[in-house]
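To start, the structure under review is shown below, and the notes come after it.
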Protein chains: 2
Amino acid sequence: MQKRVNIKTIADLAGVSITTVSRVLNGLGPKYRISEPTCKRIFEIAEEMNYKPNIIAQSLRLKKTNAIGLILPDIGNPFFATLARIITIESKKRGYSIILADTEDNIDLEQELMELLLDRNIDAIIIAPCSQTRSHIEEVIKSGKKIILVDRYYIGGNIPYVTTDNYYGAYEATKYLLQNGHRDIACIQGSTDTAPNIQRVKGFTDACKKFGVKHFKIAGDSFTIQNGYLETKLLLSSSMSAPTAILCLSSTILLGVLKALKEADLSVPDNVSLLSFDNQPFMDYLNPPISSIAQPVNEIGTFATKVLIDSLEEGRKKLNLSVKLRPQIILRNSVRLI
Amino acid sequence: MQKRVNIKTIADLAGVSITTVSRVLNGLGPKYRISEPTCKRIFEIAEEMNYKPNIIAQSLRLKKTNAIGLILPDIGNPFFATLARIITIESKKRGYSIILADTEDNIDLEQELMELLLDRNIDAIIIAPCSQTRSHIEEVIKSGKKIILVDRYYIGGNIPYVTTDNYYGAYEATKYLLQNGHRDIACIQGSTDTAPNIQRVKGFTDACKKFGVKHFKIAGDSFTIQNGYLETKLLLSSSMSAPTAILCLSSTILLGVLKALKEADLSVPDNVSLLSFDNQPFMDYLNPPISSIAQPVNEIGTFATKVLIDSLEEGRKKLNLSVKLRPQIILRNSVRLI
DNA sequence: TTGTATGCGTTATCAA
DNA sequence: TTGATAACGCATACAA
C-alpha cells in the first residue's frame with residue numbers, strides 16, 4: 001500500500017514550497033504570477049505521479065465536502081428508486097457525491113439519519129420526509145444548511161420543495177371515474193401524514209363533493225403492497241356494497257389491491273374499476289392495463305438537484321421555492337363506463 | 001450559524017487539556033485512570049453543549065471514513081433498487097454510510113466513478129461492475145482496499161463476490177420449458193459481457209443441448225425494456241418461424257417482450273410461452289401471471305455487506321469468497337404445455 | 001493521572 | 001514572484 005503522493009512530495013521534487021504547488025494546482029499560477037516553467041514543471045510532476053488531492057483534508061480546511069445527503073423513505077419503491085437514480089446522476093455531473101439514507105418511512109430513523117448526515121458535514125440535504133413532523137428540518141435550515149424537499153413536503157411554512165401537483169392529479173383522476181358513472185368510489189391511501197397523500201385525498205374528496213357524491217370511502221395508511229391488500233380485503237368483506245371503483249394512491253397499493261381482487265375472483269374493470277398513482281412500465285401489461293397518474297419524477301429530480309446546487313454555488317442566502325409539477329393521466333383500460 | 005463546539009471548547013470549560021477530553025470521550029478514561037469526577041464533568045459538558053466529533057477531522061487523522069462506495073449499473077432497475085436499499089440499511093446498522101454511484105452500465109463512467117469514490121477515501125467498495133473489464137478493480141485490490149462484487153462478478157480470478165447461481169437458474173428454467181414440450185426457444189439476453197448473463201446463457205444452452213434441441217436462438221444485448229422490445233420484434237418478423245417460448249434474462253427485458261407481443265396480437269401462453277429472471281411483485285398480476293426465476297436479492301445484499309464490514313473490522317488480510325446463492329423458480333401461468 | 005506537541009493534507013494569511 | 005507558517009479538529013507518542 002504505497003503512500004499516496006501529496007503536495008509536499010511534489011514540492012520537494014519540484015524544489016518549490018508547498019504553497020506554490022497548491023497555488024499552481026488550483027489554477028492560481030497566473031494570479032500570483034508564478035513563472036511559466038515552474039508551473040509547467042509542477043503540472044508535469046503532478047501528472048506523472050498521478051497526484052490526487054486528499055478530499056478529506058480539503059473538506060476539513062474549506063468546510064465543504066461536495067457531498068449531498070439524500071434521505072428517502074423507501075429506495076425499493078420504484079418511484080423513489082427512479083428519483084434516487086436521477087438525483088445521483090445529476091449531482092455527479094455537478095461535482096457532488098450522494099450519501100444515501102433510507103428511513104423506512106420512520107420518523108425516528110429519519111431524525112437519526114439526518115443527524116448522522118449532518119455529522120458528516122454534507123453541504124446540503126435532499127429529503128422526502130416521512131411525515132409532517134418538521135422540527136428537525138427547521139433546525140437545519142436555521143443553522144444555514146441548504147435543504148430541499150422532493151415529493152413529500154410540508155404544508156404551510158416555507159421550506160422549499162419540488163413535487164407533483166397531487167391535488168390536481170387526484171381531482172382529475174376522480175373526475176374521470178365520476179364521468180364514467182361511478183358513484184361508489186373508494187380511495188386507498190398511503191402514509192396519512194404526508195403532503196402528497198393529504199393533497200390527493202383532498203382532490204379526491206373535492207371531486208366527489210363537486211359531483212354530489214356522498215358515498216365515498218377513504219381507507220388505508222401506508223404506501224405498501226400489504227396495505228393495499230388488507231384494505232381491499234376489508235372493503236370487500238364489509239357489509240356495505242363493494243365500491244365500483246378504487247383509486248389507489250401509489251403503484252404499490254395497486255399491487256395489493258390486485259392481489260385481493262384476484263383472490264375474490266373479481267375482475268377489472270367488470271366488477272371493479274381501478275386507477276392508480278405512479279405510472280410504471282408494467283401497468284401496460286396488467287390484466288387489464290391499468291390507467292394511472294404519472295408523476296413527473298425525472299423533472300422533480302433534475303429540477304430539485306439543479307436548484308439546490310445552484311443556490312449552493314451562488315451562495316444565495318436562502319432557498320425559497322415551492323414547485324408543483326402537473327402529473328399526466330394515462331388512460332388505459334381499467335375503468336368501465338357504468 | 002454558531003460555531004460548532006469542538007474538544008478545545010470542552011477542554012477550556014472543563015479546565016483540562018484536549019488530550020484528556022479526547023480520551024474520556026473515546027472511552028479511554030479508565031485505561032488512563034482519569035479521575036472519576038473529571039470524566040463525569042467532561043461527559044456532562046459534552047452532553048450539554050451537544051458536542052459531536054467532526055467526522056472529517058477524525059477521518060483525516062485516522063485515515064478511515066466509515067463510508068462505503070456503492071457502484072451500481074442502474075439504480076432504477078428494481079433489482080438494483082432493492083439491493084441498494086438492503087445494503088444501505090445494513091451498512092447503517094454497522095455504522096457505515098453509503099456513497100452512491102450509478103454507472104448507467106457504462107465502463108468509462110464506471111472507472112471514472114470508482115476514481116471519484118477512491119478520492120473520497122472510502123473504506124471499501126461494493127460494486128456490480130458493468131463488464132468483464134477488471135483492471136481498475138484489480139488495481140484497487142492491489143492497493144489493499146477492500147472490495148466486494150454483488151450480482152455481477154468476474155469469471156476466473158479471485159475477486160470476491162456474492163451472486164445468484166445463474167447457471168442453475170437458467171438451466172432449471174430452460175429444463176422446465178423443454179419438459180413442457182417446447183423445442184423452439186429463444187433467449188433474450190442482457191449485457192453480454194457480464195457474468196450473470198454469460199452463466200444464464202450457458203445454462204440455457206446446456207439445457208437445450210442436453211435435450212437434443214438444436215433450434216434455439218440467443219438475441220439481445222442489454223437489460224432494458226427497449227432491448228426486449230426490439231429483439232422480440234426482430235424475432236417475430238424473421239422469415240423463420242417464431243419461437244414457441246422465450247426466456248427473458250431480466251424483468252425489464254420481459255416488459256419489452258410483452259410490449260412487442262401485444263403489438264403483434266400474440267397472447268401468452270397460447271402463442272408464446274414466457275419465463276423471466278428477476279421476480280417482481282407485479283408479475284403475479286400480468287396477463288397471464290408470468291413465471292419467474294427469483295434471485296435471492298435480500299440475501300445477496302445482507303451477506304455481502306456483512307462479510308465486507310466484518311473483514312474491514314477484523315482487519316483480515318484478504319477478502320476471499322465466491323458465493324452463489326440458488327434462485328427459486330416461481331411457477332405461475334405463462335408456460336403452456338405443448 | 002494529566003498534558004505538550006506533532007501530524008493528518010490542505011488552503012490562506014502574512015511577510016519577504 | 002515565492003515561501004514560512006498557522007489553522008481546520010482530532011488522536012496519540014512521548015513527557016512529566
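Naming: A, B, ... by sequence-line order, numbering from 1 per chain.
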Any E138(B) side-chain heavy atom under 4.5 Å of I159(B) side chain: yes

Salt bridge (charged side-chain N to carboxylate O under 4.0 Å, His left out) contacts in which one or both residues fall within residues 65-83 of chain B, not counting sequence neighbours: R85(A)-D74(B)

Within residues 34-46 of chain B, residues whose heavy atoms come under 4.0 Å of DNA chain C: I34(B), S35(B), T38(B)

Sequence neighbours excluded - ring pair (Phe, Tyr, Trp, His ring centres under 6.0 Å) pairs with any residue from residues 74-99 of chain B: none

Rounded distance in Å - CD1 (I18(A)) to C1' (dA6(D)): 11 Å

Nearest-Å distance for atom pair CD1/P, residues I7(B) and dT4(C): 13 Å

Below 3.5 Å, can you tabulate the donor-acceptor pairs from side chains in residues 31-40 of chain A to any protein atom, sequence neighbours excluded?
| residue | atom | partner | partner atom | Å |
| --- | --- | --- | --- | --- |
| S35(A) | OG | T38(A) | N | 3.4 |
| S35(A) | OG | T38(A) | OG1 | 2.5 |

Ring pair (Phe, Tyr, Trp, His ring centres under 6.0 Å) pairs, two or more places apart, involving residues 110-156 of chain B: Y153(B)-Y161(B)

Partners meeting salt bridge (charged side-chain N to carboxylate O under 4.0 Å, His left out) with R152(B) (sequence neighbours left out): D105(B)

Residue closer to the 5' end of DNA chain C, K63(B) versus T20(B) (nearest nucleotide): T20(B)

Donor-acceptor pair, side chain of S59(A) and main chain of K64(A), under 3.5 angstrom: yes

Sugar-phosphate only, base, or nothing, as touched by L62(A) at under 4.0 Å among non-hydrogen atoms: sugar-phosphate

Pairs meeting criterion salt bridge (charged side-chain N to carboxylate O under 4.0 Å, His left out) with involvement of residues 5-21 of chain B, two or more places apart: K8(B)-D12(B)

Which donor-acceptor pairs under 3.5 Å do side chains of residues 43-53 of chain B form with protein atoms, sequence neighbours excluded?
| residue | atom | partner | partner atom | Å |
| --- | --- | --- | --- | --- |
| K52(B) | NZ | E115(A) | OE1 | 2.8 |

Interatomic distance where NZ belongs to K64(A) and P belongs to dA12(C) [whole Å]: 13 Å

Short heteroatom pairs, N/O only, protein and nucleotides 13-15 of chain D, under 3.5 Å:
| residue | atom | partner | partner atom | Å |
| --- | --- | --- | --- | --- |
| dA13(D) | N6 | R23(B) | NH2 | 3.3 |

Atom-pair distance (NZ on K31(B); C1' on dT2(C)), nearest Å: 15 Å

Non-neighbouring partners of A67(B) that pass side chain to side chain contact (heavy atoms under 4.5 Å, CB included), sequence neighbours left out: R120(A), T65(B), I99(B), I122(B)

d(CG, L28(B); P, dG3(C)) in whole Å: 15 Å

Of residues 47-60 of chain A, the positions that come close to DNA chain D - non-hydrogen atoms, cut-off under 4.0 Å: L60(A)

Cut-off 3.5 Å, no hydrogens considered: what does the side-chain donor-acceptor table look like for residues 20-30 of chain A, sequence neighbours left out?
| residue | atom | partner | partner atom | Å |
| --- | --- | --- | --- | --- |
| T20(A) | OG1 | S17(A) | OG | 3.3 |
| N26(A) | ND2 | S22(A) | O | 3.2 |

Gap between atoms CZ and P, on R33(B) and dG3(C) respectively (whole Å): 17 Å

